[in-house]
Every structure is written in C-alpha cells, then in structure tokens.
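One structure is given here, and the rest of the page talks about it.
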Amino acid sequence: MDYKARAKEITETLERYNYEYYVLDNPSVSDAEYDRLMQELILLEKEHPELVNPLSPTQRVGGKVQDEFKKVTHTRMMLSLANAFNEDDLRDFDRKVREITGLDKVTYMCELKIDGLGMSLVYNKNLIYAATRGDGSVGEDVTSNVVTIKSIPSHIDLEGDFEIRGEVFMPKKSLQNLNEIRQKTGEPLFANARNAAAGSIRQLDSSIAASRKLDAFWYYFVNAKDFNIRYHSEALNKADELGFKTNHERRLCIGIDKVLEYIDEYTEKRPNLEYDIDGIVIKVDDMNLYDKLGYTAKTPRWAIAYKFPPEEVITKLEDVIYTVGRTGKITPNAVLEPVRVAGSLVQRATLHNEDFMMEKGLMIGDYVVLRKAGDVIPEVVRPVVEKRTGLERPIHMITNCPVCGSPLIRKDAMHFCVNPHCEARQIEGIIHYASKDAMDIEGLGEKVAEQFFNQGFFKSIPEIYNLVNHREEIIALDGWKEKSIDNLLTAIEKSKSQSLERVLFGLGIKEVGAKMAKTLARKYLNIDALIATTEEELLEIDDVGPIVARSIVTFFQDENNINKINELKYAGVNFNYLGQTVQAANSYFSGKTVVLTGTLSSMGRKEATELLENLGAKVTGSVSKATDVVVAGVEAGSKLDKANALGITVLDEATFLSLIK
C-alpha cells in the first residue's frame with residue numbers, strides 16, 4: 001500500500017466530511033464511519049511520523065502548548081468600522097456615499113455583526129497562519145487554536161495568496177454547556193459568549209481551545225480584486241465555494257430604506273439566533289467604489305456598523321457600597337438584585353460620585369432601569385419613581401474611608417481618602433503596577449492581588465518580587481497548581497527588565513499617564529536624573545504643565561516613595577530607559593509636529609510613532625495649521641485632503657523611510 005497516498009486520501013475525505021457537518025450542517029456519513037477513518041489516519045501517522053503536519057485532521061483536537069503567542073504584522077490594516085446608532089446616522093451615511101459616488105441609489109450588502117473575536121486567515125493553498133486583530137496593525141499568531149475549529153478549511157483550491165477575515169465566536173449552546181461544566185468544578189462562569197471566545201482563543205494550551213466548541217463566520221475576502229472579483233456579494237459567494245462558513249442571513253439591499261427594513265427584521269429575530277449579534281454591518285457592494293469613497297484614519301467610508309440600542313432591564317437597588325482606588329478616590333457602587341442584561345448576570349454597577357446619585361434622584365430600595373453602556377459596562381439609567389412604596393431610604397455619601405476610617409476630603413465632584421497607608425489604596429496600587437500598560441505581569445490581576453494581599457504574601461509593590469518565598473504556601477491554596485504559580489513567578493521575574501517608562505507609569509505618580517511616563521523616560525533616561533529634577537526644568541518639556549510638574553516633584557520628595565524605589569532597585573528592577581536614545585538635533589523631524597495617516601507597509605502606526613518621537617518629533621492625531629508634516633500611507637483619507645488644502649508638506653512612505661534612516 002502507498003501509505004502517503006492513503007493518508008492524503010483519508011485527509012481529503014475527512015476534510016470533506018468536516019465541511020458537510022460543520023458548514024453545511026448536512027453530514028453524509030455516520031459518526032462511526034468518521035471515527036473509523038480518523039483512527040486509520042492516526043495509526044498511519046504513528047507508523048510513519050513524517051506524515052504528521054499541524055494541519056492534519058488528527059492535530060485539530062489540540063494539544064500544543066506554547067510559551068507565548070508570536071506577533072504578526074498584518075499585510076493590510078484590520079480597520080474598525082464607524083458606528084451608527086439610529087436611522088438619522090444611517091441616512092447620513094447613505095447621503096455621503098451617494099454624494100461621492102454620484103449614484104441615486106446604492107446597493108448595500110447587509111450582514112449580521114457577530115459578537116466575537118476578529119480574526120484573519122492567510123492561505124497559499126494551505127493555511128499559513130491565523131492572527132487576531134490586535135491594534136489593527138499587529139496581531140497575535142493563534143493558528144494552533146484556530147485550527148481546532150472544525151468548520152475552518154486547512155487548505156483551499158485556489159492558487160496564489162489569499163486572505164479572509166471574519167469573527168470567531170462561541171455559539172450560545174456551547175457557552176451554556178461550558179458554564180454548566182465550570183459551575184460543577186467551582187470555576188467562575190463566563191459572563192458572555194464574546195468573553196468566552198476571546199479567552200478560549202488566547203489559551204496557550206490548544207486542547208483547551210478545542211474543548212470550547214468554537215465556530216467562525218467569514219465576511220471579508222481581503223484581496224478579492226486580485227481574483228477579478230468586483231462585488232462584495234460575489235466575494236462572499238466565492239468564500240462559500242472555497243469551503244468557508246459564511247453567514248447566509250446576509251441580504252443585498254438596494255437603497256437605504258431596504259437596509260432599514262432588514263435592520264427592523266433582525267432586531268426582532270436577534271433573540272432567537274443560535275449566536276450573539278450586537279448589530280448589523282452595512283457595506284457598499286461594488287468594491288470598485290471603495291477607493292473613491294476612501295478612508296478616515298481608522299475606518300472605511302464604504303461601510304458602517306449599526307449598533308443595537310442597549311438592552312434595558314428593571315431591577316432593585318438593594319444597597320450602595322463604597323470602594324477605594326489607588327489614588328484614594330472613593331467610588332459608590334450600586335448593589336443590585338441580580339439580573340441578566342446583554343448576555344451576562346449583573347449584580348453591581350458604578351454610581352460614579354455623590355453628584356451622580358443626587359442628580360439621578362436615587363434611593364436605596366428603588367427599582368431602577370439598568371443597561372450596559374456599549375453593551376459592556378453596567379449603567380444605572382434612572383429610578384422607576386412610579387414603583388416607589390414609601391419604604392425607600394435616601395442615600396447619604398460617607399464621610400470616612402470604608403477601609404481605614406480616615407476622614408474623606410472632597411475635590412471637585414470626587415471624594416478621596418488621603419491616608420497613604422490605607423490598605424485599599426495599597427491593593428489598587430499593586431494591581432495598577434502589574435497591569436498590561438505598566439509592568440505587564442500576566443496572572444497578577446485584581447482577584448489574585450487581593451487574594452495574596454489578604455493572605456499576607458505581599459503588602460506593597462516591592463514585596464511582589466519576594467512572592468517566590470511563598471511558592472509552597474500558594475500551591476496549597478485552592479485553585480493553584482505548580483504550573484500556574486511558576487508561570488506567575490516567571491512573569492514577575494520578566495517584569496524586572498521593563499523599560500523606565502513602564503515602571504514610572506506603574507508607580508502611580510498622580511497626573512503621569514503612560515504617554516507622559518514615556519516623555520519623561522526619554523528625556524531623563526534614568527530614575528535618578530528624574531528624581532533630581534526641578535519644577536522649572538520640567539516645565540521646559542512640551543505637554544508638561546504646572547500641575548503635572550508639581551505632582552512629579554511632590555512624589556519624589558516623599559521619603560516613602562524614595563524608599564519604595566530603592567527597594568525595587570534592590571530587587572533588580574530596571575530603572576533605565578531602554579528605548580532608542582538617538583539624539584535628533586540633526587534629524588529632519590526634530591522639533592516638527594507630524595501626523596500619520598493611512599497604512600504603512602513597512603511598519604505599524606505604533607512603531608512609526610515611536611521612531612518619530614525618538615527623532616525629536618511631536619506626533620499628533622489631527623491635521624491643523626500647527627502641523628508641519630503629514631506622512632501618508634496607502635488608503636490615506638481626510639487628513640491627507642486637509643493637509644493638501646492647508647499646503648502642509650506631505651511625505652509618501654518611501655520618502656519617510658529615507659529620512660528616518
């Protein structure tokens with residue numbers, strides 16, 4: 001027997017069966033026959049290991065464990081869409097499209113907006129990689145997890161490079177089954193299908209992703225024009241033909257009135273779908289019009305996403321509790337009778353500050369209208385006054401810290417605990433220090449920080465680096481295993497080598513955000529030079545005003561803060577700037593205000609911004625008379641138009657690259 005030919009034959013047969021079962025929902029063979037062929041292929045690969053490859057049907061059950069996900073630079077930006085929230089927004093979008101194209105009526109493709117995780121697949125016959133959207137320019141290679149989704153073809157019958165984008169999601173039934181299992185094992189439940197899908201795709205162990213029963217719909221054939229495809233609807237049909245699962249609830253609509261009818265129809269059908277949607281995507285069908293319609297810096301002008309109005313429910317405001325942030329800010333929070341809204345169970349919602357509660361006229365015991373702002377953040381809209389019984393109680397803002405008992409002070413609309421030793425402030429400070437934009441200590445989130453603080457494993461930021469001394473005690477806690485604590489300890493050790501700007505941001509200096517921290521790091525290069533600076537010197541830096549300068553100097557005048565920095569130094573934390581320190585006195589960009597627009601093929605927006613800042617430029621987001629230079633990549637939009645109108649210097653990518661080199 002020619003075992004290579006037999007393995008190839010079985011692989012192709014199993015791929016066809018997967019397509020029939022997971023895409024067409026019309027299997028042609030029994031489960032037993034499918035399993036028989038799979039077992040035969042497993043045996044062949046066991047006897048001939050050279051047959052095994054990552055795209056084999058035998059490998060799509062997961063099992064690969066990675067240390068981290070590699071970064072992938074998208075060949076074309078994964079742009080987001082502008083949002084429409086009502087009929088007026090949609091008619092305004094249609095009016096602009098008709099004005100630019102000169103058409104009386106435009107044919108639009110309407111598609112359901114799947115509530116999941118954006119994904120890009122790149123093929124050259126075989127699947128090369130799958131990447132998340134990331135920041136639009138750079139995503140993460142999650143191929144090992146994506147190939148566990150059986151509806152995705154591992155190879156396609158098409159010559160040349162091919163890229164398709166879509167949404168990985170968790171069906172409602174899969175979420176229900178997953179949460180039932182997690183409830184039995186005592187694990188926290190997933191709030192909604194979107195979070196579950198995103199969490200599953202980012203598992204380093206692909207067998208976990210495989211067990212989550214994810215699926216995907218594909219909606220954008222990126223390089224369709226390379227295959228002489230003119231219409232988006234035609235591109236979707238081609239995707240169907242190639243074996244991709246597209247959403248067949250889509251519809252071509254001629255004119256905006258038909259679009260509105262489609263939206264009304266699926267607003268009603270939404271609860272009965274087998275997956276979550278959060279809106280409708282409307283795209284101009286004729287792709288030849290895309291260049292004419294153009295792009296803004298972040299969104300195409302030929303498509304828009306209609307977002308469903310936030311779902312509103314009524315529940316009871318049972319109490320108000322107060323939490324303390326890392327700066328001492330006191331936040332009142334509504335304790336609600338548990339209620340399901342926009343796919344998750346809600347028991348808490350922020351009430352922001354005393355003025356917010358008074359303006360809303362809220363009382364404890366009120367029935368209140370609740371919704372999720374942007375379908376994400378629980379928000380109390382108003383009390384239902386007509387349901388009051390007379391037993392409701394007024395809300396009185398507290399006057400002392402709920403944790404340490406210190407008297408609160410009011411500044412503007414906010415109340416603050418000013419006790420620097422308040423335990424709540426210490427916990428929040430640790431959480432901030434470990435956060436992604438600061439020291440990026442993966443695994444040291446809010447719940448873990450609170451658990452370890454309460455256990456006494458650490459009480460301050462420097463003590464994070466002594467956590468290794470408590471390894472055995474942590475393993476003894478419920479939910480902790482050797483692998484999980486060792487991963488956390490590795491992340492803690494790795495954080496020691498972060499650049500100065502991250503530790504500055506992590507220290508929580510008032511008025512110093514991530515961008516200001518980078519400005520300071522680039523200017524002073526090490527912590528000691530910054531400690532020694534004066535308000536006058538700080539005020540010479542662009543974007544540093546009197547309030548920021550005073551806050552920085554005050555922070556470093558506090559002996560407790562200096563002691564904290566010294567302890568971190570002793571633990572081995574880096575306090576030097578590790579970015580490019582090229583002095584840019586002779587750079588073309590030195591002292592100039594620069595705007596980036598469009599997509600650069602050689603680098604992402606973030607990398608280009610950093611290069612320009614290292615060369616002495618100030619990078620801003622909008623074009624004005626104060627702009628000196630606009631760097632225009634492909635698909636540059638209104639910013640380029642405005643730059644030309646104002647007579648501002650415009651550089652194409654080739655010129656830009658020659659100047660930065």
Side-chain angles (χ1 to χ4, degrees), residues 83-86 89 115 172 175-176 179 183 188-196 267-268 270-272 276-279 306-325 327-403 408 410-417 424 428 446-447 450:
N83 290 327
F85 297 97
N86 51 49
D89 291 345
D115 198 7
K172 292 176 181 177
L175 176 65
Q176 181 184 335
N179 274 341
Q183 189 168 31
L189 305 186
F190 283 110
N192 52 56
R194 179 182 61 248
N195 290 353
T267 299
E268 289 186 20
R270 180 187 183 190
N272 299 319
D276 286 335
I277 62 172
D278 59 356
Y306 169 78
K307 301 299 289 288
F308 291 124
E311 176 190 353
E312 293 189 346
V313 299
I314 293 176
T315 189
K316 194 170 186 178
L317 174 57
E318 296 182 331
D319 201 357
V320 176
I321 59 172
Y322 298 84
T323 53
V324 187
T327 62
K329 186 177 78 172
I330 306 296
T331 302
N333 299 274
V335 179
L336 304 165
E337 189 175 278
V339 63
R340 188 161 289 278
V341 55
S344 63
L345 193 68
V346 175
Q347 296 175 276
R348 297 281 191 276
T350 179
L351 296 175
H352 303 290
N353 54 53
E354 181 182 22
D355 291 353
F356 178 89
M357 295 188 291
M358 298 305 107
E359 288 167 6
K360 296 284 186 184
L362 297 170
M363 299 181 74
I364 293 174
D366 267 338
Y367 283 92
V368 296
V369 175
L370 182 74
R371 68 183 179 197
K372 281 191 178 179
D375 272 350
V376 177
I377 302 170
E379 174 186 38
V380 174
V381 181
R382 62 184 180 279
V384 185
V385 178
E386 57 270 24
K387 290 177 75 73
R388 283 181 176 166
T389 64
L391 298 176
E392 295 77 19
R393 295 175 286 122
I395 299 171
H396 298 292
M397 185 67 192
I398 58 173
T399 56
N400 293 83
C401 174
V403 176
L408 303 180
R410 176 166 174 148
K411 184 178 180 182
D412 300 323
M414 304 296 180
H415 287 75
F416 291 87
C417 169
E428 290 297 325
E446 182 178 344
K447 290 182 180 178
E450 288 178 356

Partners meeting side chain to side chain contact (heavy atoms under 4.5 Å, CB included) with Arg410 (sequence neighbours left out): Glu354, Asp355, Ala413, His415
May I have all residue pairs that pass salt bridge (Lys or Arg N to Asp or Glu O under 4.0 Å) and include part of residues 344-353, sequence neighbours excluded? none
Could you pull out all residues at least two apart from Thr331 that satisfy side chain to side chain contact (heavy atoms under 4.5 Å, CB included)? Thr323, Lys329, Asn333, Thr350
The reported gap from OG1 in Thr327 to CZ in Phe416 (rounded to nearest 0.5 angstrom) is 5.0 Å
What pair of heavy atoms forms the shortest contact from Pro383 to Leu362, and how long is it? CD-CD2, 3.9 Å
As a quick check of understanding, evaluate side-chain contact (heavy atoms from CB on, under 4.5 Å) for Asp412 and Asn353, giving each step before the final call. CA-CA 10 Å; Asp412 300 323; Asn353 54 53; over 6 Å; no
For residues 394-403, tabulate all N or O donor-acceptor pairs below 3.5 Å that involve a side-chain atom, not counting sequence neighbours.
unit_1: Asn400; atom_1: ND2; unit_2: Gly405; atom_2: O; d: 3.0

Give a yes or no on this: more than 12 heavy atoms of other residues, nucleotides or ligands lie within 6.0 Å of atom CD of Gln183. no
Gap separating the CG atom of Leu351 from the CE atom of Met357, nearest 0.5 angstrom: 6.0 Å
Residues in side chain to side chain contact (heavy atoms under 4.5 Å, CB included) with Glu312, at least two apart? Val369, Arg371, Val381, Arg382
Residue pairs passing the salt bridge (Lys or Arg N to Asp or Glu O under 4.0 Å) test where at least one lies in residues 387-397, sequence neighbours excluded: Asp366-Arg388
Run the numbers on Leu370 and Ile314 for side-chain contact (heavy atoms from CB on, under 4.5 Å), then give the verdict. CA-CA 6 Å; Leu370 182 74; Ile314 293 176; over 6 Å; no
Which residues pass the side chain to side chain contact (heavy atoms under 4.5 Å, CB included) test with Glu446, not counting sequence neighbours? Ile431, Glu450
When rounded to the nearest 0.5 Å, the distance separating OH of Tyr367 from CG of Leu317 is 11.5 Å
Closest non-hydrogen atom pair between Ala196 and Leu175, with its separation: CB-CD1, 3.9 Å
Evaluate side-chain contact (heavy atoms from CB on, under 4.5 Å) for Asp276 paired with Lys172, printing each intermediate quantity in order. CA-CA 7 Å; Asp276 286 335; Lys172 292 176 181 177; 3.1 Å; yes
Listed partners of Phe85 passing ring pair (Phe, Tyr, Trp, His ring centres under 6.0 Å), at least two apart: none
Using side-chain contact (heavy atoms from CB on, under 4.5 Å), reason through Lys372 and Val346 one step at a time and then give a plain yes or no. CA-CA 10 Å; Lys372 281 191 178 179; Val346 175; 3.9 Å; yes
Nearest 0.5 angstrom please: Asp115 CG to Asn195 CG, how far? 8.5 Å
Compare every heavy atom of Phe308 with every heavy atom of Thr267, then report the nearest pair and how far apart it is. OG1-CE2, 3.4 Å
Shortest non-hydrogen contact from Ala349 to Val380? CB-CG2, 4.1 Å
Could you pull out all residues at least two apart from Gln347 that satisfy side-chain hydrogen bond (donor to acceptor under 3.5 Å, both in side chains)? none
